Amino acid sequence: PSQGYYTRRGGVGESGDFITSPEISQVFGELIGIWYISEWMAMGKPNTFQLVELGPGRGTLTEDILRVFKQLTSVLSKCDVSVHLVEVSPKLSEIQAVMLTGGKVQPNPEDESAYMKGISKTGIPIFWYRDIQDVPPGYSFYLAHEFFDALPIHKFQQTEKGWREVLVDIDPEVPDQLRFVLSPSRTLATQNFIQPEETRDHVEVCPEAGVIVQRLASRIEKDGGAALVADYGHDGTKTDTFRGFRNHKLHDVLSAPGTADLTADVDFSYLRKMTQGKTATLGPIKQREFLKNMGIDLRLQVLLQNSSDTATREQLLHSYDMLMNPEKMGDCFNFFALLPHHRLVHPDKKEKPESKSPLPPVAGFNELLLK
Ligand code: SAH
């Protein structure tokens, strides 16, 4: 809690330890903002919604989304929008406050479950919490970009004697050095976190991600809305992905703990299982497919047409390549969504299959068709 990476350092961005898509290009957040508006319209334009972001980093993604909401004021005019940020890092919440409100925030407001509140530069109320459970219930759109990969994992290995947990120990030979060891017998975690049907012989499980997804699914089932999860990950196939980054370079996870970003690929098959059928899921699909379906090529063309200087044009093309190139972020990042079942299938479809007009497709997960 006091010496952890996100509490002390949390270096998102070019000058930090790792760079993320919203820090690379404004287009990324703009397209995500459009995704929420598109879902809001498809769900019948409810008169209020909360945008709830888990792990907002520097606040850049929220800023880009709020700019889209501002540009589409005419569409959203009758809707009461509020922003709810779930952030544990005191340092990053300060950076977010400056970015989003210009630093005008009220700490520990008495009448709220939030630890801080303020008003965005575009006039939308923003609240900060440490835990998703503190966010008030209500119709909500959730966002988790590069959040789940930051949560702690358990590592397991299949041995001749059965499943064993990979643990961290102090190396008896070298002072101040940590090492990995295998548990001599089964642990509570091996008994509880490995799926009975598991076929891999090395597995990473993130129970905290499972608990949060269960909460998201329950909230969406009860109050409506949708969740968009974007992260690097796989659909239950990868085995050893735990690694560290410091100053944009790979870093030994056991050396100088608390000074490097530790990360493990998100197992989307596990997240899907943890929804327990309370919501429907879409994806994971590759970032380059999602952004293409969201119209990134059109947006790039408009930005290129509107910029006259060569440096800006080069920067636009470079950031497009970072996001879309399969060798860069295009293939390893995935998009995954939780949606109420009725968003994908008419509730009375079984009895009267022809009775209703087709539901609008979910943007990003379906090919973009220009009329
Ligand atoms: N979404 C941002 C930042 C990703 S970094 C981006 O894409 O740029 C991960 C974020 O999650 C940071 O803001 C970090 O402080 C936050 N975080 C890490 N563990 C958390 C936890 N247990 N609860 C809430 N936030 C957490």
Side-chain angles (χ1 to χ4, degrees), residues 1-33 35-36 51-66 83-100 113-116 126-135 141-153 206-216 227-233 243-246 248 258-266 287 290-291 319 322-323 329 332-336:
S2 62
Q3 297 294 308
Y5 174 75
Y6 281 108
T7 321
R8 287 200 324 179
R9 203 170 147 113
V12 191
E14 223 157 318
S15 61
D17 299 305
F18 61 103
I19 188 93
T20 59
S21 296
E23 300 295 331
I24 290 170
S25 167
Q26 66 174 72
V27 177
F28 187 81
E30 288 170 355
L31 296 177
I32 290 184
W35 192 85
Y36 287 115
L51 175 68
V52 183
E53 186 177 358
L54 308 175
R58 303 176 57 80
T60 314
L61 186 50
T62 325
E63 169 98 334
D64 293 338
I65 293 173
L66 290 184
V83 171
H84 304 260
L85 305 176
V86 179
E87 176 57 82
V88 281
S89 161
K91 207 170 147 183
L92 285 174
S93 62
E94 238 173 74
I95 295 176
Q96 293 151 17
V98 171
M99 166 89 79
L100 298 169
S113 55
Y115 67 79
M116 191 160 80
I126 310 189
F127 302 87
W128 278 262
Y129 314 82
R130 287 188 190 86
D131 196 298
I132 177 86
Q133 279 179 294
D134 297 333
V135 178
F141 289 121
Y142 300 91
L143 175 59
H145 181 256
E146 287 218 38
F147 170 72
F148 286 113
D149 73 278
L151 301 180
I153 53 154
C206 181
E208 217 174 300
V211 169
I212 293 174
V213 165
Q214 282 179 10
R215 295 207 169 113
L216 295 182
L228 196 56
V229 176
D231 225 308
Y232 41 95
R243 60 205 182 279
F245 285 98
R246 192 168 154 179
H248 302 272
T259 65
D261 167 48
L262 301 186
T263 171
D265 279 17
V266 173
Q287 169 156 308
F290 179 87
L291 296 178
S319 53
M322 283 288 284
L323 297 183
M329 294 166 113
C332 55
F333 278 82
N334 295 275
F335 277 75
F336 179 76

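Here, residue 1 is the first one in the sequence, and each next residue gets the next number. These numbers were taken from a predicted model, which means no experiment stands behind them. Atoms within each ligand, like the ligands themselves, are counted from 1 in listed order.
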Does any N/O atom on A150 come nearer than 3.5 Å to any N/O atom on ligand 1?
-> no

Within less than 4.0 angstrom of ligand 1, does R58 place any heavy atom?
-> no

What is the nearest protein non-hydrogen atom to atom 11 (O) of ligand 1, stated with its residue, atom name and distance?
-> G55 CA, 3.2 Å

If you have a sec, work out which protein heavy atom is nearest atom 15 (O) of ligand 1 and how many Å separate them, to one decimal?
-> E87 OE2, 2.6 Å

Can you say whether the rings of Y129 and H84 are parallel (under 30°), tilted (30 to 60°) or perpendicular (over 60°)?
-> parallel

Any donor-acceptor pair under 3.5 Å from H145 side chain to D231 backbone | no

Kindly assign one of parallel, tilted or perpendicular to the pair F335 and F290, based on the angle between their ring planes and the thresholds 30° and 60°.
-> parallel

Charged N-O contact under 4.0 Å between R243 and D149 = no

What atoms of ligand 1 come closer than 4.0 angstrom to any heavy atom of T20?
-> 6 (C), 7 (O), 8 (O)

Ring centre gap for F245 and F18 strictly below 6.0 Å | no

Could you list the atoms of ligand 1 found under 4.0 angstrom from a heavy atom of V12?
-> 8 (O)

Per-residue contact class, P22 against ligand 1 - non-hydrogen pairs under 4.0 Å = side chain

Short list, please: which atoms of ligand 1 are under 4.0 Å from a heavy atom of E208?
-> 22 (N)

With atoms numbered from 1 as shown, which atoms in ligand 1 lie under 4.0 angstrom from a non-hydrogen atom of P56?
-> 2 (C), 13 (O)

Would you please test T62 and E53 for side chain to side chain donor-acceptor pair (under 3.5 Å) and show each step?
-> CA-CA 8 Å; T62 325; E53 186 177 358; 2.6 Å; yes

At a 4.0 Å threshold, what atoms of ligand 1 neighbour a non-hydrogen atom of V88?
-> 17 (N), 19 (N), 20 (C), 21 (C), 23 (N), 24 (C), 25 (N), 26 (C)

Counting only N and O atoms by type, is there a donor-acceptor contact under 3.5 Å from the side chain of S113 to the main-chain atoms of D134?
-> yes

Considering all heavy atoms, the nearest I24-I19 contact = CG1-CG1, 3.7 Å

Can you tell me which residue and heavy atom of the protein come closest to atom 18 (C) of ligand 1, and the distance to 0.1 Å?
-> Y6 CD1, 3.7 Å

Per-atom contacts, ligand 1 versus S89 - under 4.0 Å to a heavy atom = 15 (O)

Applying a strict 4.0 Å limit to heavy atoms, is L151 in contact with ligand 1?
-> yes

Is it true that a side-chain atom of S89 and a backbone atom of Y6 form a donor plus acceptor pair closer than 3.5 Å?
-> yes

Does Q96 use its side chain to pair, donor to acceptor, with the backbone of G57 at less than 3.5 Å?
-> yes

Short list, please: which atoms of ligand 1 are under 4.0 Å from a heavy atom of F147?
-> 11 (O), 20 (C), 21 (C), 23 (N), 24 (C), 25 (N), 26 (C)

Would you mind finding which of H145, E146, E53 brings a heavy atom closest to atom 1 (N) of ligand 1?
-> H145

